[in-house]
Amino acid sequence: MRIGFFDSGIGGLTVLAEALKRLPDKDFLYMADTLHVPYGTKPKEDVKAYIFDTVGKMMNEGMDALVVACNTATSIAITELRERYSLPIVGMEPAVKPAVEMNRATGKRVLVFATPLTLQLPKYYALVSRVDDMGIVDSLPLPELVHYCESLQFDKQIMNEYFRSKLSNYDLNDYGIIVLGCTHYPFYKDILRELLPAHIEIVDGNVGTVKRLHALLNRYGIAGGGGSGNVRFMCTGNEPAYIDKMQTALAFLREKDAMTETLPN
């Protein structure tokens with residue numbers, strides 16, 4: 001069995017890393033639309049065309065299921081992708097609902113980091129309107145962060161200065177949770193953890209997405225093995241250097257996971 005993962009760049013690797021932990025008996029195809037990354041600062045109709053073109057290329061490679069490992073792409077195209085293709089398709093959305101539920105009793109607010117395009121789309125407004133009955137959700141666009149991530153810019157001093165600048169107008173004592181609403185952003189979870197006050201939790205949608213994928217595979221009757229955790233990387237620009245970057249980035253994420261799992265409680 002092969003499961004496809006699609007993103008504009010390396011962000012979806014944060015979801016793939018979770019899938020490799022939870023679904024080790026599957027094989028994976030990871031496709032990055034390197035010709036058009038980032039999506040979050042581009043016009044909606046252009047991005048929709050990029051998505052359908054790239055997913056079409058993936059379908060030609062053969063897949064049993066597809067994860068749209070990109071919040072922006074999910075908001076723009078998930079409904080039409082499900083109408084066009086009959087295989088199981090899982091999308092992403094910012095983890096606003098669990099964040100609101102976690103903060104319900106604390107009186108603290110929720111701050112959502114996301115791309116400008118995600119925050120402008122009706123799907124995001126509908127999500128917040130549906131779950132934020134207490135009016136505690138604020139949203140912060142971070143248009144530069146995908147560029148930083150794609151450049152593998154993880155220098156702590158540079159990124160601390162960036163996040164401090166973006167958060168300078170916020171009283172962080174008012175917040176209990178920050179939601180990472182783009183799959184690129186979890187690459188910065190460790191940096192954020194050191195920068196933010198200790199009482200703030202950081203959440204993303206990766207675990208929930210992989211759980212939904214597993215449930216959907218069961219529903220379709222295709223949850224069996226048939227793989228060994230093999231990952232094939234592709235990108236629309238066909239750049240060998242980017243394939244190397246994806247392999248390096250995934251190894252970085254898996255090494256961080258391994259270190260976290262071995263730390264004492």
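- The shortest heavy-atom contact between V203 and A99 is CG2-CB, 4.4 Å.
- Inter-residue side-chain proximity for D155 and M159 is flagged as unmet; no heavy-atom pair is nearer than 4.5 Å.
- In this structure, the side chains of F5 and L29 stay at 4.5 Å or more apart for every pair of heavy atoms.
- In this structure, D53 does not pair ionically with K48, as no charged nitrogen and carboxylate oxygen lie closer than 4.0 Å.
- Closest of all the heavy-atom pairs between L140 and L119 is C-CD1, 3.8 Å.
- Using a 3.5 Å distance cut-off with no hydrogens or angles, the side chains of Y175 and D138 do pair a donor with an acceptor.
- Scanning both residues, G12 and D7, for their nearest heavy atoms gives N-OD2, 2.9 Å.
- In terms of heavy atoms, A114 sits closest to G181 at CB-O, 4.0 Å.
- Salt bridge present: K166 and E144 bring a charged side-chain N and a carboxylate O closer than 4.0 Å.
- Nearest heavy-atom pair across Q120 and Y125 is O-CE1, 3.7 Å.
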K189/D204 under salt bridge (charged side-chain N to carboxylate O under 4.0 Å, His left out): CA gap, chis, key distance, verdict: CA-CA 10 Å; K189 190 179 288 188; D204 60 59; 2.8 Å; yes
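- Looking only at atom types and distance, the side chain of T72 has a donor-acceptor partner in the side chain of T115 under 3.5 Å away.
- The side-chain heavy atoms of F6 and V67, taken from C-beta on, include no pair separated by under 4.5 Å.
- Counted by atom type alone, S75 and T118 present zero donor-acceptor pairs between their side chains at under 3.5 Å.
- Between D190 and K256, at least one side-chain N (NZ, or NE/NH1/NH2) sits under 4.0 Å from a carboxylate O, which counts as a salt bridge.
- Classified by interplanar angle (parallel below 30°, tilted 30° to 60°, perpendicular above 60°), the ring pair F113/F163 is parallel.
- The aromatic rings of F187 and F252 sit parallel, their planes meeting at an angle under 30°, below the 60° perpendicular limit.
- The pair R2-E61 fails the salt-bridge criterion, with no side-chain N (NZ, NE, NH1 or NH2) lying under 4.0 Å from an Asp/Glu carboxylate O.
- The shortest heavy-atom contact between E150 and I10 is OE2-N, 2.7 Å.
- Residues S8 and D33 bring no donor and acceptor atom of their side chains to less than 3.5 Å of each other.
- If you check the side chains of S139 and Y124, you find a donor sitting under 3.5 Å from an acceptor.
- Ion pairing between E18 and K21 holds under the 4.0 Å rule for side-chain N and carboxylate O.
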